[in-house]
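A, B, ... follow the sequence lines: proteins, then strands. Residue 1 opens every chain.
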Amino acid sequence: MPKSLNSNFFSRPADVVAAELLGKVLCRKLDGKILRARIVETEAYFGEDDPASRASKGENKVSKMMREKAGKILIYNVHRFKMLNFVTGSEGEPSAVLIRAIEPLNFKARTAGPGLLTSALKIDDSFHGKHQHIDNLLWVEDEENKENLKVERSFRIGVREDLNIPLRFYIKENKFVSKISKK
DNA sequence: CATATGATGGACT
DNA sequence: GTCCATCATATGG
């Protein structure tokens, strides 16, 4: 039986967590069924030194949650889409990982993008601030079959001003990875 | 196949 | 009013 990831997994630097989340299985309980999907694309966000991070823009709803305990769920919206993030790092240090794309394992939906996957899994503001395995509604399971994972990294997508380091991680040649890419 | 553009709504100043 | 870590559609090769 695969086990749910615990806080220790998330209380490491955001880039480490983002890289290791690839291939893990995101689970969502919905209408009595459990939807399972492989995580295929993530991005790491840091604190005040990261111009793309909302934590660099002073105190607000997002930066506050990024300082919370690792493993908590952070939801915010861009236009009408919800973004799913997990808080990472040590408490007090703002950092988080954005889930950008997933590959459905036992259901069919369009999930090749951060706004699409939250809509497919019916994830909304009610998850904001919850710990990832509380309520058994949304959690991440470890995955044993990681031998064939080909991890690539690139600069982040859609950000106005990126850091000098690539902080986007994705599985090579996976067709559920979102398309639009710059640099 | 590629790149460009407009719609969209919540949070913040 | 401005910003934004998006998406769907339209257009051109």
Cationic tip of A:Arg110 above A:Phe176 ring, under 6.0 Å, 45° of axis: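 So A:Arg110 doesn't make the cation-pi contact.
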Cation-pi between A:Arg12 and A:Phe10: NZ/CZ under 6.0 Å from ring centre and within 45° of the ring axis?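 Here A:Arg12 fails the 6.0 Å and 45° test against A:Phe10.
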What is the distance, rounded to the nearest whole Å, between atom [atom1] of [X] and atom [atom2] of [N]?
X: A:Arg160; N: C:dT2; atom1: CZ; atom2: P; answer: 13 Å
X: A:Tyr45; N: C:dC4; atom1: OH; atom2: C1'; answer: 11 Å
X: A:Ile157; N: C:dC4; atom1: CD1; atom2: P; answer: 17 Å
X: A:Asn60; N: C:dT2; atom1: CG; atom2: C1'; answer: 15 Å

So does A:Arg110 get a side-chain nitrogen or oxygen closer than 4.0 Å to the phosphate oxygens (OP1/OP2) of C:dC7?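 For C:dC7, OP1/OP2 do not have a side-chain N/O of A:Arg110 under 4.0 Å.
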Is there a salt bridge (charged side-chain N to carboxylate O under 4.0 Å, His left out) between A:Lys150 and A:Glu173? Walk through the geometry before answering. CA-CA 8 Å; A:Lys150 286 180 274 187; A:Glu173 289 161 9; 3.2 Å; yes
Looking at [Y] and [X], is any side-chain nitrogen of the basic one under 4.0 Å from a carboxylate oxygen of the acidic one?
X: A:Lys82; Y: A:Asp124; value: no
X: A:Asp50; Y: A:Arg156; value: yes
X: A:Glu91; Y: A:Arg67; value: no

Of the options A:Val97, A:Leu121, A:Thr118, which is the one that meets A:Leu84 in a side-chain contact (heavy atoms from CB on, under 4.5 Å)? A:Thr118
Would you check if there is a donor-acceptor pair between the side chains of A:Ser63 and A:Arg54 at a distance under 3.5 Å? no
Between A:Thr111 and A:Glu103, do the side chains contain a donor N or O and an acceptor N or O under 3.5 Å apart?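 Side-chain D/A pair, A:Glu103 to A:Thr111: absent.
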For DNA chain C, which residues of residues 113-125 of chain A approach it to below 4.0 angstrom with any heavy atom?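 Under 4.0 Å from DNA chain C: A:Gly113, A:Pro114, A:Gly115, A:Leu116.
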Only Watson-Crick and G-U wobble pairs, only distances under 3.5 Å, only runs of 3 or more: what stems does that leave for DNA chain B?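 So far as stems of 3 or more pairs are concerned, DNA chain B shows B:1-7 with C:6-12, B:9-12 with C:1-4.
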Evaluate the salt bridge (charged side-chain N to carboxylate O under 4.0 Å, His left out) criterion for residues A:Arg36 and A:Glu141: first the C-alpha distance (whole Å), next the side-chain angles of each, then the deciding distance (0.1 Å), finally the verdict. CA-CA 9 Å; A:Arg36 307 179 74 244; A:Glu141 286 180 0; 3.2 Å; yes
As an exercise, state the distance from NZ of A:Lys72 to CZ of A:Phe127, rounded to the nearest 0.5 Å. 15.0 Å
For nucleotides 6-10 of chain B, tabulate all protein N/O to nucleotide N/O atom pairs closer than 3.5 Å, reporting atom names and distance.
from	atom 1	to	atom 2	distance (Å)
B:dT8	O2	A:His79	ND1	2.9
B:dG9	N1	A:His79	ND1	3.2
B:dG9	N2	A:His79	N	2.8
B:dG10	O4'	A:Asn77	ND2	2.9

